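Down below is the structure, laid out as structure tokens.
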Amino acid sequence: MVGIMALLRALLRTARVIRHTPRLSDGLPPDDAVLLDVPDARTAPSLVAAADGDWEPAAKLLATARAEADWESRDRQVARLAAFAYARDDWLVHWLADAPRDPDALVVKAELEVRRAWDSPARRERLREIGPLIDAAADSAPGDPVPWRIALDHARGSHATHGAFEALWEQAIRRSSHHYGCHVAALRYLSAQWYGSHRECFDFAEQAAADALPGSLIKALPVRAAFAQLLAGGYSSVHAERIDRAADLAVELSAGHPAADPGPAEVRNLTVSVLLRRGRWEAALEEFRLIGPYATSFPWTYFSDDPLDRFLQARDGVRHRLASATPLRAAPGRARTGRDRPAAH
């Protein structure tokens, strides 16, 4: 009898999945339309030109962001261009040869060399060697916070003291008090993985979020702290409440940005990962809808060497969970699920 009941329950779950999964796919792009780490529309042409060896579109892109003091866009653009140069840097070499003091070429070079140093077995020594390059990038554009964000990343890898890091932080926020990239760099330094603790990480993130401008990605800092806590495991009910508050704040932030926007894509991918770990399936599905086709490597590389496949598996898993929890004869609508039920991820 027990075996028959187990079989009946399994058949019922399968029937629910078959009936409700198609409806739960509404608003989700098909798997083959989802792309990983897609650049925004302004940056993409510069990457195409760089692939052809032409650096001038990249120079124009970064100079425009610098002139407009659009530091968030500039930081993302520098990161994208440096990531491309990591695999192919001939265009950057030519750019620096033609304009060795160009602040935009220097900041891309600084970002590139920090990335290379981080991946080196001799990380600490390599990072020390490129300190003057970061200084040159900062000196070439005195009002730009991006070189200081790079300096903060550099300091973390080179084991800078708290005092030295705080001095760099003061320089960074003097140039842009609400710069998201600099705040993320500081959060990483304060994490338990590096030189702080989960409590310090959360305290910093929550205070920064409270002080942030409406719609600022800084309001997603607490969900970054939550992600770090979840990865570490062993958290208490007090930590769980803090994690859920962070997720709520990130969901609210996400809802204020356009759907299928590459700008907040990484924050949304991170948010959905935290929601999944907390068993908040309905909120996770809605976040997947807002993500649209824009999967990001972070945070999925923490769970798989194939982050795009992991993203798609997680998305499918949410639909199946919701479908299997919905009664067969339920009217169209969303399933009711526990808000804080822990879940494997």
Side-chain angles (χ1 to χ4, degrees), residues 12-38 217 219-220 222-224 226-227 230-231 240 243-304 306-345:
L12 181 59
R13 284 196 299 270
T14 300
R16 288 171 173 174
V17 168
I18 292 172
R19 176 169 183 178
H20 297 301
T21 296
R23 172 180 57 79
L24 293 169
S25 299
D26 290 348
L28 297 175
D31 286 2
D32 58 6
V34 179
L35 302 172
L36 186 69
D37 297 331
V38 175
L217 295 183
K219 290 188 178 294
V223 86
R224 282 184 170 269
F227 180 72
L230 287 167
L231 284 181
I243 289 166
D244 286 322
R245 286 198 304 270
D248 291 341
L249 184 60
V251 167
E252 180 183 349
L253 171 68
S254 176
H257 286 264
D261 181 356
E266 185 178 87
V267 163
R268 283 172 167 160
N269 277 253
L270 176 62
T271 300
V272 82
S273 175
V274 171
L275 292 170
L276 291 172
R277 293 289 290 263
R278 296 297 298 144
R280 296 174 59 176
W281 313 120
E282 290 184 81
L285 182 61
E286 182 58 30
E287 205 62 31
F288 274 121
R289 290 191 175 107
L290 291 173
I291 289 169
Y294 297 115
T296 59
S297 292
F298 177 78
W300 308 108
T301 48
Y302 277 87
F303 312 113
S304 172
D306 187 344
L308 179 56
D309 181 65
R310 188 68 189 87
F311 172 92
L312 295 173
Q313 287 182 20
R315 198 177 66 160
D316 285 344
V318 168
R319 288 183 295 166
H320 289 164
R321 280 184 178 271
L322 286 172
S324 64
T326 304
L328 270 177
R329 299 191 181 190
R334 294 194 177 116
R336 294 182 179 179
T337 58
R339 181 176 184 271
D340 291 331
R341 190 183 312 145
H345 181 40

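All values derive from a computational prediction rather than experimental measurement.
Considering all non-hydrogen atoms of both residues, Leu230 and Arg278 come closest at CD2-CD, 4.4 Å. Smallest separation of non-hydrogen atoms from Leu217 and Gly263: CD1-O, 4.4 Å. Ala260 approaches Arg268 most closely through the heavy-atom pair N-NH1, 3.9 Å. What you find for Trp281 and Val318 is that their closest heavy atoms are O-CG1, 3.5 Å. Pairing each heavy atom of Ala284 with each of Val272, the nearest pair is O-CG2, 3.4 Å. Annotation for Ser254 and Leu290: closest pair OG-CD1, 3.4 Å, computed over non-hydrogen atoms.
Tyr294 is linked by a ring-ring contact (aromatic ring centres under 6.0 Å, His included) to nothing, counting only residues two or more places apart in sequence or in another chain. Qualifying side-chain contact (heavy atoms from CB on, under 4.5 Å) partners for Phe298, counting only residues two or more places apart in sequence or in other chains: Arg224, Phe227, Glu266, Leu270, Tyr302. Partners of Ala250 according to the side-chain contact (heavy atoms from CB on, under 4.5 Å) rule, which considers only residues two or more places apart in sequence or in another chain, are Val223, Thr271. Remark: Asp316 engages Arg319 in a salt bridge (Lys or Arg N to Asp or Glu O under 4.0 Å) (not counting sequence neighbours). The side-chain contact (heavy atoms from CB on, under 4.5 Å) test applied to Pro30 returns Asp32, Ala33, not counting sequence neighbours. Here Ser304 pairs with Asp306, Arg310 under the side-chain contact (heavy atoms from CB on, under 4.5 Å) rule; sequence neighbours left out.
Summarising the geometry, atom CZ belonging to Phe288 is positioned 8.5 Å from atom CG belonging to Leu28; distances are rounded to the nearest 0.5 Å. Here the straight-line distance linking atom CG of Leu276 with atom CG of Leu285 works out to 10.0 Å at 0.5 Å rounding.
When side chains are defined from C-beta on, Ile291 does not count as touching Val34, because their heavy atoms never get closer than 4.5 Å. Between Leu231 and Phe303 the shortest side-chain heavy-atom distance falls below 4.5 Å. Between Arg280 and Asp244, some side-chain heavy-atom pair lies under the 4.5 Å cut-off. Within the 4.5 Å cutoff, the side chain of Val38 has no heavy atoms near those of the Pro293 side chain.
In this structure, a donor-acceptor pair under 3.5 Å is present between the side chains of Ser297 and Asp37.
A salt bridge is defined here as a Lys NZ or Arg NE, NH1 or NH2 lying under 4.0 Å from an Asp or Glu carboxylate O, and Asp31 with Arg315 meets this definition.
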| request: Evaluate side-chain contact (heavy atoms from CB on, under 4.5 Å) for Leu249 paired with Glu252, printing each intermediate quantity in order. | output: CA-CA 5 Å; Leu249 184 60; Glu252 180 183 349; 4.2 Å; yes
